[in-house]
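Below: the structure, in structure tokens.
All chains are named by letter (A, B, ...) in the order of the sequence lines, taking the proteins before the strands, and each is independently numbered beginning at 1. What you see below is based on every heavy atom in this structure, not just the backbone, and it leaves out hydrogens, waters and symmetry mates.
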Number of protein chains: 2
Amino acid sequence: MKKTATRAPEETRRRILNAAFAEFYRTGFQGGSINRIVAEAGATKGALFHHFKDKNDLGYAVVEEIIQPRIRASWFDPLADSIDPIADVKYTMRQFVKEEQERGRLVQGCPLNNLAQEMSPLDEGFRRRLEKVYSAWREAMEVAFARGIKAGKVRKAVSPRNAAAFVVAALAGIIGTAKNAQSEELLKQAGEGLFDYLDSLRP
Amino acid sequence: MKKTATRAPEETRRRILNAAFAEFYRTGFQGGSINRIVAEAGATKGALFHHFKDKNDLGYAVVEEIIQPRIRASWFDPLADSIDPIADVKYTMRQFVKEEQERGRLVQGCPLNNLAQEMSPLDEGFRRRLEKVYSAWREAMEVAFARGIKAGKVRKAVSPRNAAAFVVAALAGIIGTAKNAQSEELLKQAGEGLFDYLDSLRP
DNA sequence: TTGACAACATACCGACTGGTCTGTATTATC
DNA sequence: GATAATACAGACCAGTCGGTATGTTGTCAA
């Protein structure tokens, strides 16, 4: 009765998943160690391989159950009903930088982009799942740009698709650059450039 | 007499270096295998560890002796005396895409960015060397923008430093995005966005 | 109460890792 | 031609890797 449940499979699975996310975020997927993950999660290999069939399967779950929802909450949702995507992207980005800065996590880069850069060319399973997130992101932004044009907040000559592709790519590049340089100053500089671009889309 | 030289240390070293570059480009640094490298190079571990003290040292040499000169030739040199950086960046980028496309190497990403994303947060030796290349790149572009302003080819209100930081970051992001999506179409779309940005800097 | 199955724990496995050691052949120096 | 140093070759090493096989225990339906 000390423990309400000696078995809590869903929670065990979740602990492993969280530990795996942290490990892969730190060392990359290939560099990530199953042994360290179970140690960190306070679990065992038996538990891990009970819930996930192999390392790849664990990695896939990290993408779908942890990374995707995070990106969605941070980046898609604020754009969901936006009719002024220029203002909203700028606001979202400022918000994001502020939050990550406080957690001191900025210089570790974007977990989505980190995994994508490493694994997309090596494993089709990863590539498909990661690309699904990216394409949804671009899609959300494209729709926002289209709405912005209709609302007269964005120039009509702008191609929503191209602009969306560029902004998402640029964001990934900017965060990655700041990570390499370990410099928030550089993040600000490149960010200014992106803001200038966005402003240039105004009517 | 069949072989003019049974020993050619410089060439041996070079073969190992090239094989290491290819291996790391394919599988990343952590995923790269010393055994596969020596096999591919037609050498042995004795030779490899004679020329390089350990795996990291080999990686550092790949950055300084292979990656850096490549980036320099492809991206800095065309900007060296540019007074119209907008036109020259566009031209360089088109040139680059064309060449990589022919070699079918586009979808493998930029070797510099690949290594940077993976190793910069993990190893200070890598980070320093990779950042040196990036900062030189930004520096070259910043100078070019400044010259462009003087020549009346770029608006005076443009900050050369911010614009350079943004363009380099965006380039990395665009190439990485195309790699993840395995899509040259996406590369074109995002590239159009970058071109639009560059045009917006005209007086 | 009793199977039956899910949820683990643990010992263990072969493959492979980066790296070292010892021996040997080639080359440069005097 | 002797000597010393360089440039390898290849066996070998401890350790770690992802993964498995087997055993045990909690859970729950009948």
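- Residues satisfying the ring pair (Phe, Tyr, Trp, His ring centres under 6.0 Å) criterion with Phe49(A), sequence neighbours excluded, are absent altogether.
- By the 30° and 60° cut-offs, the orientation of the rings of Phe126(B) relative to Phe29(B) is perpendicular.
- Within the 4.0 angstrom heavy-atom criterion, only backbone atoms of the sugar-phosphate kind lie near Gly32(B); the bases stay farther away.
- Checking the phosphate oxygens (OP1, OP2) of dT10(C), no side-chain nitrogen or oxygen of Thr44(A) falls inside 4.0 Å.
- Residue pairs meeting the salt bridge (charged side-chain N to carboxylate O under 4.0 Å, His left out) criterion with at least one partner in residues 159-172 of chain A, sequence neighbours excluded, are Glu142(A)-Arg161(A).
- Rounded to an integer number of Å, the gap from CD of Glu10(B) to P of dC8(D) is 10 Å.
- The distance between atom CG of Leu48(A) and atom P of dC17(D), rounded to the nearest whole Å, is 13 Å.
- The side chain of Ser33(B) contributes no N or O atom lying less than 4.0 Å from OP1 or OP2 of dC16(C).
- Distances shorter than 4.0 Å separate none of the side-chain N or O atoms of His50(A) from OP1 or OP2 on dA9(C).
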Protein and nucleotides 19-21 of chain C: nitrogen or oxygen contacts under 3.5 angstrom:
unit_1	atom_1	unit_2	atom_2	d
dG19(C)	OP2	Lys55(B)	N	2.7
dG19(C)	N7	Lys45(B)	NZ	3.1
dG19(C)	O6	Lys45(B)	NZ	2.6

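- A cation-pi arrangement is absent between Lys53(B) and Tyr60(B) under the rule of less than 6.0 angstrom and at most 45 degrees off the ring axis.
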Full working for ring-ring contact (aromatic ring centres under 6.0 Å, His included) between Phe166(B) and Tyr197(A)
CA-CA 10 Å; Phe166(B) 179 56; Tyr197(A) 165 74; 7.1 Å; no
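- Listed pair His51(B) / dT6(D) fails the phosphate criterion, with no side-chain N or O lying under 4.0 Å from OP1 or OP2.
- Atom CG in Leu58(B) sits roughly 12 Å away from atom C1' in dG18(C) (whole-Å rounding).
- Distance Ile37(A) CD1 to dG18(D) P: 8 Å, rounded to the nearest Å.
- Side-chain contact, Gln108(A) with Lys179(A): no donor N or O sits under 3.5 Å from an acceptor N or O.
- One finds a side-chain N or O of Thr12(B) lying less than 4.0 angstrom from the OP1 or OP2 phosphate oxygen of dC8(D).
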